[in-house]
Amino acid sequence: MCKYLIGCWLLAIGLSCKPEAKNIEESEQPTPPNLVFVFADQWRADALGYAGNTEVITPHLDRLATESLVFENAVAVTPVCAPWRASFLTGQYPLTNGLFYNDKPLPTQAVTIGKAFKEAGYQTGYIGKWHVNGHQRGEDPFSGRNKPIPKERRQGFDYWKVREVTHDYNNSYYFDENDEKHFWEGYDVFPQTDSAISYFHKNKDNPFFLVLSYGPPHDPYFTAPQEYKDLYRDRTLSLRPNVPEMYQDSARRVLAGYYAHCTAIDKAVGDLLKGLEDAGIAENTIFVFTSDHGDMLMSRGVLKKQRPWDESIKVPMLMRWPAKLGTVRRDVYDPINTPDLAPTLLGLCGIDLPESMEGEDFSAALFSGEDLGNEAALITLPVPFHEWQFMNGGREYRGVRTRKYTYVKDLMGPWLLYDNEQDPFQMKNLVGVPQYAQVQEYLEAVLSKKLADTQDEFLPADTYMRRRAYIYDRNDSLRPANYLELNRD
């Protein structure tokens, strides 16, 4: 029996350690909240109605935003799949937990949010994409994506309907607790949602922590159900002004498919919220919706992630808990970073934080109604890989995202500086501009402190690969002779 429940039992029978008498009302202990953590893959922050986008159709998430904390500057510490997931699970920065590269294994002995909730007496469950099991050394880099995850490597989650990685959303399967293979029927977002709703009803009398990890709107962009694609057919969608003219036709086509995925997930979120209401547990359930990273969607002429621009690093994040946080929208403007999620969620639930977690617990600020008091979120890419490998212009970087500014360095020195209030599409690089010299100097100091606090020496990628005994996938190690000079603004 968990320590929390034992404490409640002792109080209930009058065995409090304190000598003074307590009346019944003071002695009553609240029921621990449930936590439902839902995240999509590659959903960028501006692709929602509540964020001011008038063309994407997201009525359920827009309604949820009216009842939630709305995090205006939720930042992906390393904007790519496995590093974000490992950082969320461990509350650590990627160089600490070792997952700064896709398809590498998170250590079995890692201390995770799943293990912390389980130790506190919660039922734990995970549905959907995992992507932190990796593959064995010497195997094909993507060989582990189709294999079951051993029980001892499920990081504290018991209920289990998981596949390491797939983006074939209409021919998708998972492995259950016994490593038996099952197929999701149709577009996998919808049966995964049904499974989560079933979990709500089966566990409504016990505190639970459930993670639901959707695959879309990650590419392929054109595989949402036809009824959702039809919503965007023959529409001339608006583009961000940083999409080059030569790519605009392609960008609109991609955006239509991407929005179709978003609207399908929005429907699923509506079903989840109704499922909580039907189970009678919505009031005392913390419901979080977010994403692991964004998608450039042809801004600056490129697709996908890893890059330090807002389209890649900023994600949506909503948090609703009617019983304690109310049901009126409250905007949170200070940045929150990936390693901060696990400590903050554990703090909200009254669970002691593991000492290994490096992120900040912002639960007190969320309860008080104040902003977070956090000036900057760290963004890092220790090793560029796959679609942004060195030969494609990828480079190591470190940076900070504040409410107002983005500042990024690569191995050659200052690379990017944007005033995001004056230049929200990040089209004017201010590095070296005399009027911003003091701003640049200050942000350099902020970044230096972040790196010192996280013991990040900002070394070349090869150093970190050697330290972890990692092997580059395929051609990821190859560099053009002038790779450090490529694509500098």
The test is side-chain contact (heavy atoms from CB on, under 4.5 Å); show your working for L272 and F287 and say whether it passes. CA-CA 10 Å; L272 290 170; F287 186 94; 4.2 Å; yes
Could you go step by step and tell me if Y259 and L231 meet the side-chain contact (heavy atoms from CB on, under 4.5 Å) rule? CA-CA 9 Å; Y259 282 175; L231 294 172; over 6 Å; no
R401 vs D310, test: side-chain contact (heavy atoms from CB on, under 4.5 Å). Steps then yes/no. CA-CA 9 Å; R401 179 60 161 86; D310 274 0; 2.8 Å; yes
Set out, in order, the CA-CA distance, both residues' side-chain angles and the distance that settles side-chain contact (heavy atoms from CB on, under 4.5 Å) for L48 and N53, then state yes or no. CA-CA 6 Å; L48 291 129; N53 187 322; 5.9 Å; no
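Listed by chain and residue number, E283, N284, W321 satisfy the side chain to side chain contact (heavy atoms under 4.5 Å, CB included) test with A323 (two or more places apart in sequence, or in another chain). Applying the salt bridge (Lys or Arg N to Asp or Glu O under 4.0 Å) test to D292 and every residue at least two apart in sequence or in another chain returns R85. With sequence neighbours excluded, no residue forms a side-chain hydrogen bond (donor to acceptor under 3.5 Å, both in side chains) with S477. Scanning for ring-ring contact (aromatic ring centres under 6.0 Å, His included) contacts around Y101 gives F385, H386, with sequence neighbours left out. Qualifying ring-ring contact (aromatic ring centres under 6.0 Å, His included) partners for H218, counting only residues two or more places apart in sequence or in other chains: H167. In terms of the salt bridge (Lys or Arg N to Asp or Glu O under 4.0 Å) criterion, D352 has no residue partners (sequence neighbours excluded). Not counting sequence neighbours, the partners of A82 by the side chain to side chain contact (heavy atoms under 4.5 Å, CB included) test are L99, N102, H131.
A centroid separation of 6.0 Å or more is found between the aromatic rings of W43 and Y214. Ring centroids of F209 and F157 are separated by less than 6.0 Å, placing the two rings close together.
Using a 30° and 60° split on the angle between ring planes, W309 and W415 fall in the perpendicular class, above 60°. The aromatic rings of F390 and Y472 stand perpendicular to each other, their planes meeting at an angle above 60°, with 30° marking the opposite boundary.
For residues 243-255, no residue pair satisfies the salt bridge (Lys or Arg N to Asp or Glu O under 4.0 Å) rule, not counting sequence neighbours. Contacts classified as salt bridge (Lys or Arg N to Asp or Glu O under 4.0 Å) and involving residues 320-348 (residues at least two apart or in different chains) are given here: E67-R320, E72-R329, R329-D331, D334-R403. Residues in residues 422-439 take part in no salt bridge (Lys or Arg N to Asp or Glu O under 4.0 Å) pair, two or more places apart or across chains. For residues 89-102, no pair satisfies salt bridge (Lys or Arg N to Asp or Glu O under 4.0 Å), with sequence neighbours left out. For residues 49-80, no residue pair satisfies the ring pair (Phe, Tyr, Trp, His ring centres under 6.0 Å) rule, not counting sequence neighbours.
Relative to the ring axis of F458, K409 does not place its NZ or CZ within 45° and under 6.0 Å from the centre.
Side-chain contact between L346 and P354 is present, with heavy atoms from C-beta onward closer than 4.5 Å. In this structure, the side chains of Q440 and V431 come closer than 4.5 Å at one or more pairs of heavy atoms. Counting heavy atoms from C-beta outward, L447 and L378 have side chains that approach closer than 4.5 Å.
In this structure, R240 pairs ionically with E311, as a charged nitrogen and a carboxylate oxygen lie closer than 4.0 Å. Between D188 and R163 there is no salt bridge, since no side-chain N of the basic residue sits under 4.0 Å from a carboxylate O of the acidic one.
A side-chain donor-acceptor contact under 3.5 Å links T90 and N97.
Atom OH of Y442 has 12 or fewer heavy atoms from other residues, nucleotides or ligands within 6.0 Å.
Across every non-hydrogen atom of P216 and A40, the tightest pair is O-CB, 3.5 Å.
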